[in-house]
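Input: a single structure, listed below in structure tokens.
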Protein chains: 2
Amino acid sequence: MKSPIKSTEYREPQATTEELDVTLIELLFFAYRDFTSDPDAILASYGFGRAHHRVLHFVNHWPGLTVAELLDVLRITKQSLARVLKQLIDTGYIVQVQGPRDRRQRELYVTKKGHELAVELALPQSRRIRSALEEAGIKDRAEVERFLRAMVNPELRAQLDRSHSSSGTGEGGT
Amino acid sequence: MKSPIKSTEYREPQATTEELDVTLIELLFFAYRDFTSDPDAILASYGFGRAHHRVLHFVNHWPGLTVAELLDVLRITKQSLARVLKQLIDTGYIVQVQGPRDRRQRELYVTKKGHELAVELALPQSRRIRSALEEAGIKDRAEVERFLRAMVNPELRAQLDRSHSSSGTGEGGT
DNA sequence: ACAATTACGTCAGCCATATTGACATATTTA
DNA sequence: TAAATATGTCAATATGGCTGACGTAATTGT
């Protein structure tokens, strides 16, 4: 490699020094960036952002979720959630129901409109995943799932169990 | 004082309607969230954010990168880059060198300090990836790579080739 | 040679999303 | 009843995106 300038100020070109997994680090960056780009475009037309997407997704997938549980899943603060949640409620995508057992709680549910938007947002992502699995010739889809799952902090994997009891596509939807 | 719940107001619990890959959608969300959390904590102690990380990473991995190329990789605007790049330059993590072929260009290089920080940030991510591969019992690591690569927009996969070919920009580097 | 284009820097302002800390209210629990 | 809990909200702040406009230096094309 060449260095146009001789100085101690900057380094010679170099890629990886140690056991740095630059390849997978970058692949995760690029993959996630494009993975979120599809819903982002749709959201923009609704005047929503990525934060709304996350809320809508989890409420749709996990109906009756309380505010505290949602905060725990998203790992954001109450104040950050408040704004987007209020917007989603005001515009009729999500409704709150007083908790039946504990009336301090607010159970969250998507409306029909909310469900439809959640599906609209999940579709392009699912399509992208499906074609990626095909294109990459993945024989054992469970392997990819296990890898991604193992990337999650161990103490937070409980969240995964809560949101989908077992692995696989089928969630028993009708 | 929420209005009494009407049964048509909210949906009954339901997970997936169609061929929505909720499992992988969520796994990608959780995996990426935790994947970025390690460097985030380190960056905070330096007064930097995720944006600085991305710049530092690509300049470190791809020395001599020009500003225009960096913008193309990050897919952000010049103004968004300007702030963080200026900070990284002012604090001595990155230096600019006038392009040898085209003196309008500014080639970017990490300093020793910059390289060290880039490594410090990449280490926990690489460790996380390594243990995830082990834990998940991935036999064929290339499969995971192929999957993630296939998740990237086809027209942008050229960026992956560029950054993973070890000989720099491939533009001659004369 | 000169005009157009390019690469980069920068100014000014806007928006979305996140943060912390404090405080209010209703409800449950000890 | 007092304390703890679940939620809502206010004010202030930071980060990292965005657009549009403009300036300068250097290169390119005719």
Side-chain angles (χ1 to χ4, degrees), chain A residues 29 32-33 36-37 39-57 59 64-91 94-108, chain B residues 1-2 29 33 36-37 39-41 43-57 59 64-91 94-108 169 171-172 174:
Chain A
F29 168 70
Y32 195 77
R33 184 188 63 179
T36 53
S37 68
D40 279 354
I42 297 168
L43 287 158
S45 72
Y46 284 83
F48 290 146
R50 212 174 279 185
H52 301 87
H53 184 191
R54 292 198 279 258
V55 171
L56 192 60
H57 171 88
V59 173
L65 193 71
T66 66
V67 171
E69 289 169 330
L70 185 52
L71 287 174
D72 195 49
V73 169
L74 299 177
R75 314 221 85 208
I76 58 174
T77 59
K78 191 169 44 159
Q79 294 72 14
S80 299
L81 174 61
R83 192 179 27 87
V84 291
L85 183 54
K86 192 173 193 309
Q87 287 175 305
L88 287 166
I89 291 169
D90 289 349
T91 49
I94 285 179
V95 288
Q96 282 180 316
V97 175
Q98 198 171 51
R101 299 169 296 283
D102 185 335
R103 289 182 306 176
R104 289 171 305 181
Q105 293 184 332
R106 300 287 179 271
E107 296 188 345
L108 303 172
Chain B
M1 285 310 202
K2 279 281 152 193
F29 168 71
R33 183 191 64 180
T36 52
S37 68
D40 280 354
L43 287 158
S45 72
Y46 284 83
F48 291 147
R50 215 174 277 186
H52 301 86
H53 185 190
R54 294 198 275 258
V55 170
L56 192 60
H57 171 87
V59 173
L65 192 71
T66 66
V67 171
E69 289 169 329
L70 185 51
L71 287 175
D72 195 50
V73 168
L74 298 178
R75 314 219 85 209
I76 57 174
T77 59
K78 191 169 44 158
Q79 294 73 14
S80 298
L81 174 61
R83 263 195 311 249
V84 292
L85 183 55
K86 192 172 194 306
Q87 288 176 301
L88 286 166
I89 290 168
D90 290 348
T91 49
I94 286 180
V95 288
Q96 281 180 316
V97 174
Q98 199 170 53
R101 303 171 293 285
D102 185 335
R103 289 182 305 176
R104 290 172 304 180
Q105 294 183 332
R106 300 286 179 273
E107 295 188 345
L108 303 171
T169 68
E171 293 203 290
T174 30

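Per chain, numbering begins at 1; letters A, B, ... match sequence-line order. Only a predicted model underlies this, so the values are computations on that prediction, with no experimental measurement involved. Heavy-atom basis, side chains included; hydrogens, waters and symmetry copies ignored.
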Next on the checklist: Distance check needed: D:dC18 P versus B:Leu74 CG, whole Å only.
Outcome noted: 10 Å
Checklist entry - Closest to the B:Arg50 side chain: D:dG16, C:dT6, C:dT28? => result D:dG16
Item to check | Which nucleotide in C:dG9, C:dT10, D:dG16 has an atom nearest any side-chain atom of B:Arg54 | outcome: D:dG16
Checklist entry - Of the non-hydrogen atoms in A:Gly64 and A:Glu69, which two are nearest, and what is the gap between them? => result O-OE1, 4.4 Å
Checklist entry - Counting just side-chain N and O atoms, does B:Thr77 come under 4.0 Å of either OP1 or OP2 of D:dG17? => result no
Next on the checklist: Tell me the interatomic distance from A:Gln87, atom CD, to C:dC15, atom P, rounded to whole angstroms.
Outcome noted: 13 Å
Next on the checklist: Please pick, from C:dA26, D:dG17, C:dT10, the nucleotide with the shortest atom-to-atom distance to any side-chain atom of B:Ala51.
Outcome noted: D:dG17
Next on the checklist: If you define the side chain from C-beta out and look only at heavy atoms, does anything of A:Leu56 sit under 4.5 Å from A:Phe48?
Outcome noted: no
Checklist entry - Counting side-chain heavy atoms from CB outward, which of D:dT19, C:dT28, C:dT17 is closest to A:Arg103? => result C:dT28
Checklist entry - OP1, OP2 of D:dG16 versus side-chain N and O of B:Ser80: anything below 4.0 Å? => result no
Item to check | Separation of atom CG in B:Asp102 from atom P in C:dT6, rounded to whole Å | outcome: 12 Å
Checklist entry - CD of A:Glu69 versus P of D:dT5: gap in Å, rounded? => result 16 Å
Item to check | Atom pair distance, as rounded to whole Å: CZ in A:Arg75 and P in C:dT20 | outcome: 12 Å
Next on the checklist: Regarding D:dT5, can its base be found pairing with the side chain of A:Arg104 as donor and acceptor, where the two atoms are less than 3.5 Å apart?
Outcome noted: yes
Checklist entry - B:Gln105 CD to C:dG9 C1': how many Å, rounded? => result 15 Å
Checklist outcome for this item: Out of D:dC18, D:dA6, C:dT19, minimum distance to the side chain of A:Ile76 belongs to C:dT19
Item to check | Nucleotide nearest B:Val84 when distance is taken to its side chain, options D:dT9, C:dA18, D:dG16 | outcome: D:dG16
Checklist outcome for this item: By nearest-heavy-atom nucleotide on DNA chain C, the more 5' of B:Val67 and A:Leu81 is B:Val67
Item to check | Minimum heavy-atom distance between B:His52 and B:Gln87, given as atom pair plus value | outcome: NE2-OE1, 2.8 Å
Checklist entry - Between D:dC18, D:dT7, D:dG17, which nucleotide has the shortest distance from any of its atoms to the side chain of B:Gln79? => result D:dC18
Checklist outcome for this item: Rounded to whole Å, the CG-P distance (B:Asp90 to C:dG9) equals 12 Å
Next on the checklist: I need the minimum non-hydrogen distance between A:Arg54 and A:Leu74, along with the two atoms involved.
Outcome noted: CB-CD2, 3.8 Å
Checklist entry - B:Arg106 side chain: which of C:dA7, C:dA26, C:dC8 is closest? => result C:dC8
Next on the checklist: With a 4.0 Å limit, can you tell me whether A:Gln96 has a side-chain N or O closer than that to the phosphate oxygens OP1/OP2 of D:dG8?
Outcome noted: yes
Item to check | Protein-nucleotide distance (B:Lys86, atom NZ; C:dC8, atom C1'), rounded to Å | outcome: 14 Å
Checklist entry - Between B:Lys78 and B:His52, which has a closest nucleotide on DNA chain D that is more 5'? => result B:His52
Next on the checklist: To check you understand the geometry: which heavy-atom pair defines the closest contact between A:Gln96 and A:Val67, and what is its length?
Outcome noted: NE2-CG2, 4.3 Å
Next on the checklist: Counting the atoms with a prime plus P, OP1 and OP2 as sugar-phosphate, which does B:Arg83 contact under 4.0 Å by heavy atoms, base, sugar-phosphate, or nothing?
Outcome noted: base
Item to check | For A:Ala51 against A:Val84, the heavy-atom pair lying closest together | outcome: CB-CG1, 3.7 Å
